[in-house]
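Worksheet for the structure shown next.
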Amino acid sequence: MTIEARLARLHRMDDATWARHANPWSVWTRVPILPLLALAVWSRDWIGWWAALPVALLLGWTWINPRLFPPPHSLESWGSRAVLGERLWLARDEVPVPARHRLLPAALNGLSAAGGLVLLYGLAWLVPWAALAGLAVALLAKLWFLDRMTWL
């Protein structure tokens, strides 16, 4: 089982949840989570332990978001196709993904993870350039990854 599939299992993503997550509202309201989470963690410098409140709310939103919206009426939108492709990508051990669609998504996941590590460094030590650069790399790589998923 892939790391991504384990994360989906941790989030208890079943068939009904994936169907709801394919709603474009679910996709697009998840995009700002990482920047807002970074801001919430950074805010510990201004508001101390109160920063735990927005962090907890954002983590809760991350879990509830794919369950909140109804399944879409159509699966033709970019966001719906990205979610469906991501689901196929997670199942690539059981259902092979064409070879031409394997390298770039894997590289983009690695790039996103690397950006996440730079972001964590920036947030831990309150280094603005690292936080912003890591956030930009992680978020842009994830969006590019989702774009590649629409091809599946």
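Heavy atoms only: backbone and side chains are in, while hydrogens, waters and symmetry mates are out.
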| remark: Correct closest heavy-atom pair for Ala130 and Val118 would be O-CG1, 3.3 Å
| What closest approach, in Å, do Arg20 and Ser26 show between heavy atoms, and which atom pair accounts for it? | O-CB, 4.0 Å
| message | Would a single hydrophobic cluster contain both Leu58 and Val41, if residues Ile, Leu, Val, Met, Phe, Trp and Tyr are joined by side-chain heavy-atom contacts under 4.5 Å? | response | yes
| said: Quick check on Trp18: does its CH2 atom have over 12 non-hydrogen neighbours (other residues, nucleotides or ligands) under 6.0 Å away? | reply: yes
| request: Decide whether Asp14 and Thr17 meet the rule of one side-chain donor and one side-chain acceptor closer than 3.5 Å. | output: yes
| query | When hydrophobic residues are tied together by side-chain contacts of less than 4.5 Å, even through go-betweens, does Leu104 share a cluster with Val97? | reply | yes
| Separation between CG of Leu37 and OG1 of Thr62, rounded to the nearest 0.5 Å | 7.0 Å
| query | Can you name the closest pair of heavy atoms from Pro24 and Ser77 and give their distance? | reply | CG-OG, 3.1 Å
| message | Just so I know, are the side chains of Trp151 and His101 near enough to count as touching, which here means a heavy-atom distance under 4.5 Å? | response | yes
| request: Please report the shortest heavy-atom distance between Arg92 and Arg102, naming the atom on each side. | output: O-NH2, 3.7 Å
| request: Enter the distance from Leu53:CG to Ile47:CD1 here, rounded to the nearest 0.5 Å. | output: 8.0 Å
| What's the spacing between Ile33 CD1 and Leu36 CG if we round to 0.5 Å? | 8.5 Å
| Flag, side chain of Trp61 to backbone of Thr29, donor-acceptor distance under 3.5 Å | yes
| query | Is there a donor-acceptor contact under 3.5 Å from the side chain of Ser43 to the main chain of Trp46? | reply | no
| query | Got Trp78 and Leu146 here, is their nearest side-chain heavy-atom distance under 4.5 Å? | reply | yes
| task | Could you tell me whether Trp50 atom CH2 has more than 12 heavy atoms of other residues or ligands within 6.0 Å of it? | result | no
| Which pair of non-hydrogen atoms, one from Leu34 and one from Ala138, has the smallest distance, and what is that distance? | CD2-CB, 3.9 Å
| said: Using a strict threshold of under 4.0 Å (side-chain N to carboxylate O), is an ion pair present between Lys142 and Glu86? | reply: yes
| request: Working to the nearest 0.5 Å, report the span between NE2 of His21 and CG of Leu84. | output: 10.0 Å
| said: With clusters defined by side-chain heavy atoms of hydrophobic residues (ILVMFWY) lying less than 4.5 Å apart, directly or transitively, does Trp25 cluster with Leu75? | reply: no
| remark: Heavy-atom nearest pair, Val127 first then Trp129, reads CG1-NE1, 3.0 Å
| request: Look at the side-chain heavy atoms of Ile, Leu, Val, Met, Phe, Trp and Tyr, link any pair under 4.5 Å apart, and say whether Val27 and Leu68 land in one connected group. | output: no
| note | One should read off an interatomic distance between Leu120 CG and Leu135 CG, to the nearest 0.5 angstrom, of 11.0 Å
| Phe145 vs Trp89 aromatic rings, parallel, tilted or perpendicular, using cut-offs 30° and 60°? | perpendicular
| said: Taking CH2 in Trp42 as the centre, count heavy atoms belonging to other residues, nucleotides or ligands within less than 6.0 Å. Is the count above 12? | reply: yes
| task | Examine the side chains of Asn23 and Ser80 and answer whether a donor and an acceptor come within less than 3.5 Å of each other. | result | no
| query | Can you tell me if Arg87 uses its side chain to pair, donor with acceptor, with the backbone of Val83 under 3.5 Å? | reply | no
| query | Does Arg81 reach the main-chain N or O of Glu76 with its side chain, forming a donor-acceptor pair under 3.5 Å? | reply | yes
| CE-CG distance between Met149 and Leu90, expressed to the nearest 0.5 angstrom | 9.0 Å
| Same cluster or not: are Leu119 and Val31 linked, directly or through other Ile, Leu, Val, Met, Phe, Trp or Tyr residues, by side-chain heavy atoms under 4.5 angstrom apart? | no
